[in-house]
Every structure is written in C-alpha cells, then in structure tokens.
There are 2 protein chains.
Amino acid sequence: MEIDPQDFAEPLRAGLAALAADMAVHGTRRDDPTREVMAMLGDRWTMLILQVLAIGTWRHAELRRALSRLSSEKAIAQKVLTMKLRALERDGFVTRHVTGDVPPRVSYELTGMGCQLAEEGRRMIDWVNARGATIEEARRTFDRAED
Amino acid sequence: MEIDPQDFAEPLRAGLAALAADMAVHGTRRDDPTREVMAMLGDRWTMLILQVLAIGTWRHAELRRALSRLSSEKAIAQKVLTMKLRALERDGFVTRHVTGDVPPRVSYELTGMGCQLAEEGRRMIDWVNARGATIEEARRTFDRAED
DNA sequence: CAGCATCCTCGGCGATACTG
DNA sequence: CAGTATCGCCGAGGATGCTG
C-alpha cells in the first residue's frame, strides 16, 4: 500500500495514508472476513436470521416459518436457509445440532460470538430505523429534484 | 404480522412476537431503509467510499484513485463510483458540489448523517477485524471437517 | 424433516465508447 | 473531468423434485 504524494493534495494524502494503515488494508480482498461478514449482513436474509436466532434455539422448519412471519415478502427457500445457516456456522456464529436420523431432527443456535454479532446488527437496525423518516424524506426530495 | 400460536413452542413464540413488534416489521420490505442501507454497506465499494469520504472532501477522479490505493483488487469503474455516490446522495449521506461547467469540477463530502454512518460502519469494521483471526480459524476447522 | 442436485432468472458490477 | 449509454458476464437466490 503506497500512497503516491503527487496524486493527492494535503491534507487528504495524510488522512488516506492513516486510513490505509489502520484499516490493515483488508480493503476489498475477496475473502476478507470484514467484507464477507458485511456482505452477509447486507444480504436478503442473514440479518433477520440472526435476530430470530437471538431469541433461542430453532429447528429448521420452525425457523423457516418464523422468518416468513417476519418478512412481508415470500418465504425463504429451503435451500437458501440451509445455505445461509451453513455460512454462519462456517464462520463460527452458529452451531448445528443433529438429534435423530430418520426423520432428521436438526436445531440451530447462536454461539457467543454469534450473539455479539446479532447485537451489533441490532445496533445498526436501530440506528437506521431511528433515521428512517429522514432518509425517506431525503429520497423524496432527491427524486423530485430529478424530475 | 400475526404469530400463529400453534406453529411455535413457547418460549420462542413470545420472543418472536416481541421481535416482530419492536423491529417494526420492516423486516424484508424491498424499499425498507434498513435493508437498503445494510445492503449498501455490504456491497463491494460503499463501505470503503464512506471511510475515505470521512477524511475530507474529494473530487471524483481523486476519490477514484484513493479507492484504488486502498483496494487490493482492480479499480472501481467510473460508472460504478458515480452510481454509488448518487445512491449515497439520494439517502442524504453525501452532498455533491458542482463548481465549473467545462471541464466539470465536482466534489463530494459527507453530510452530518453520513459521518455518523461512516462511524457506525467503522465500528463494524473494527468489530470484525478484532475477530478476524477467530473467524478464519473457525473456517479452517469447518472446511477441514468437511473433507 | 432436512438436505442436495438441477435449472433458471435477474441484478450488480465491469468494460468501452461517446458527450458537454 | 464527470457523466451517460450500451453491452456482457457471473453469481446470488428462487423453484422443483428426489433421497435417507
């Protein structure tokens, strides 16, 4: 990570160098945990899944129904729920318990780190919710100005 | 948002009802500010753009170069940068100043709300960075267990 | 009941060329 | 220099059917 002096005017140059240093320049690495986690939280279901899992331990089908209740859109596809849960499990945010073979009986719950992530997510939800009206007003103004 | 009593066992039912209530069930509405903002932060560039804009005021081309420096991947496409900035402007996180017609001279800076968003984003970055090693270790363990 | 395989749709993102 | 228009790729995610 080199900052070429001539490309930027002070004081931006110094700020940029500092940012580069203390962001550890994970920046936009494909497999960077920061980007991966943010991408997960920003996708269609993961944030909601985390909030529901924060309530307790769920079986797959129940969790799926719970999500349907919370969503004003269509239910999550079974495959997708499995996919999202697996991704969360892989990163150590969720544990998966199997208790029964046929029929399978699988349950999911948050790990300690998963609880923390759910809380962080909740912070973001609350922050945006608190500004939701402001944002929607800004959008209306912007859209109107565009004709 | 109705929670059907027979679909869920206590105490999950109660928790779900409570969550439904105080999340205001923006849940997964397509144009819900919460989901839109989270999706923005989770996309490939917006988080990085916010962190760079937190440094100061940038012209388009300089901002673009700054992002290239911070990213280990290819530079952001001009069109994409314009798109991302416009989205941020629309929601009231960024202001756009035009000072000159030909050649155009355009600069961008964060609004007050934009600064707050950048800080919230920074919290998330720091949180994940602090756990990056744990997460990557969890991934290795998981991947190894899968054969 | 949970998961996997398959197929398909759609939107994010990039590359390039062009305007004022 | 900033923005727009056009085109194309690719992967997330949804629908369906099958297995143990």
Side-chain angles (χ1 to χ4, degrees), chain A residues 7-9 28 30-31 35-49 57-68 71 73-90 94-109 146-147, chain B residues 7-9 28 30-31 35-49 57-68 71 73-90 94-109 146-147:
Chain A
D7 281 358
F8 306 98
T28 50
R30 268 278 176 239
D31 62 336
R35 266 178 50 71
E36 298 240 322
V37 171
M38 288 308 301
M40 287 178 63
L41 293 180
D43 75 14
R44 180 159 178 185
W45 292 108
T46 302
M47 177 70 89
L48 205 52
I49 292 172
T57 301
W58 298 80
R59 306 229 351 258
H60 182 104
E62 289 175 327
L63 176 55
R64 202 164 157 239
R65 255 177 284 133
L67 290 166
S68 305
S71 168
E73 300 174 62
K74 277 178 289 189
I76 185 172
Q78 201 187 36
K79 186 190 81 171
V80 178
L81 179 53
T82 299
M83 215 180 356
K84 298 302 176 190
L85 286 167
R86 177 151 319 206
L88 288 167
E89 189 193 358
R90 188 172 108 97
V94 159
T95 51
R96 178 174 178 273
H97 305 279
V98 184
T99 66
D101 193 18
V102 50
R105 200 173 174 84
V106 185
S107 59
Y108 296 90
E109 68 180 326
E146 290 223 306
D147 310 337
Chain B
D7 281 358
F8 307 99
T28 50
R30 267 277 178 240
D31 62 336
R35 267 179 50 71
E36 298 240 322
V37 171
M38 289 308 302
M40 288 178 63
L41 293 180
D43 75 15
R44 179 158 177 184
W45 293 107
T46 302
M47 177 68 88
L48 204 53
I49 292 173
T57 300
W58 298 80
R59 305 221 2 251
H60 183 104
E62 289 174 328
L63 177 54
R64 202 164 156 240
R65 255 176 284 131
L67 291 166
S68 305
S71 168
E73 300 175 61
K74 276 178 289 191
I76 185 172
Q78 202 187 37
K79 187 190 80 170
V80 176
L81 180 53
T82 300
M83 216 183 352
K84 298 301 176 190
L85 287 167
R86 179 151 317 208
L88 288 167
E89 188 193 0
R90 189 172 108 96
V94 160
T95 52
R96 178 174 177 273
H97 306 278
V98 183
T99 67
D101 193 16
V102 48
R105 199 171 175 84
V106 185
S107 59
Y108 296 90
E109 67 180 325
E146 291 224 305
D147 309 337

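Residue numbers begin at 1 in each chain, while the letters A, B, ... track the order of the sequences. Note: hydrogens, waters and symmetry copies are ignored here, and every other heavy atom, side chains too, is used.
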| remark: Separation between CH2 (W58(A)) and CG (L67(A)), nearest 0.5 Å, reads 8.0 Å
| Nucleotide dG14(D), atom P - distance to CG of L67(A) in whole Å | 12 Å
| Is the shortest side-chain N/O distance from R59(B) to OP1 or OP2 of dA2(D) below 4.0 Å? | yes
| said: Are the side chains of V80(B) and R44(B) in contact, using a 4.5 Å heavy-atom criterion? | reply: no
| task | Give R96(B) one of three labels, base, sugar-phosphate or nothing, depending on what nucleic acid heavy atoms sit under 4.0 Å from its own. | result | sugar-phosphate
| request: Please report the C-alpha distance between H60(A) and Q78(A) in whole Å, then the side-chain angles of each, then the deciding distance to 0.1 Å, and finally whether the side-chain hydrogen bond (donor to acceptor under 3.5 Å, both in side chains) criterion is met. | output: CA-CA 9 Å; H60(A) 182 104; Q78(A) 201 187 36; 4.8 Å; no
| Starting at the 5' end of DNA chain D, which residue's closest nucleotide do you reach first, K84(A) or P103(A)? | K84(A)
| query | Given atom CG of L81(A) and atom C1' of dA12(D), what is their separation to the nearest angstrom? | reply | 15 Å
| field | Minimum side-chain heavy-atom gap L63(B)-L85(B) below 4.5 Å | value | yes
| query | Rounded to the nearest Å, what distance is computed from the NZ atom of residue K74(B) to the C1' atom of nucleotide dC10(D)? | reply | 12 Å
| Below 3.5 Å, does any donor atom in the side chain of K79(A) face an acceptor in the base of dG14(D), or the other way round? | yes
| query | Is there side-chain contact between L41(B) and L41(A), with heavy atoms separated by less than 4.5 Å? | reply | no
| query | With respect to the phosphate group of dG3(D), does any side-chain polar atom (N or O) of T82(B) fall under 4.0 Å of OP1 or OP2? | reply | yes
| message | Within the 4.5 Å heavy-atom criterion, are M38(B) and R35(B) side-chain neighbours or not? | response | no
| task | Rounded to the nearest angstrom, tell me the gap between atom CZ in R64(A) and atom C1' in dA15(D). | result | 11 Å
| said: Heavy atoms only, 4.0 Å cut-off, all strands: where does R105(B) land among base, sugar-phosphate and nothing? | reply: nothing
| request: Would you check if V98(A) and R96(A) make a side-chain contact, meaning some heavy-atom pair closer than 4.5 Å? | output: yes
| task | Using heavy atoms to find the nearest nucleotide of DNA chain D for P104(A) and A77(A) separately, return the residue whose nucleotide is more 5′. | result | A77(A)
| What integer distance in Å separates L85(B):CG from dA2(D):P? | 11 Å
| task | Calculate the interatomic distance between M83(A) atom CE and dG11(D) atom P; express it in whole Å. | result | 14 Å
| field | Phosphate OP1/OP2 of dC10(D) contacted by R44(B) side-chain N/O (<4.0 Å) | value | no
| task | Report the residue (Y108(A) or Q78(B)) whose heavy-atom-nearest nucleotide on DNA chain C is the more 5′ of the two. | result | Y108(A)
| message | Could you tell me the boundaries of the chain B footprint on DNA chain C, defined by atoms under 4.0 Å from its heavy atoms? | response | dC13(C) to dG20(C)
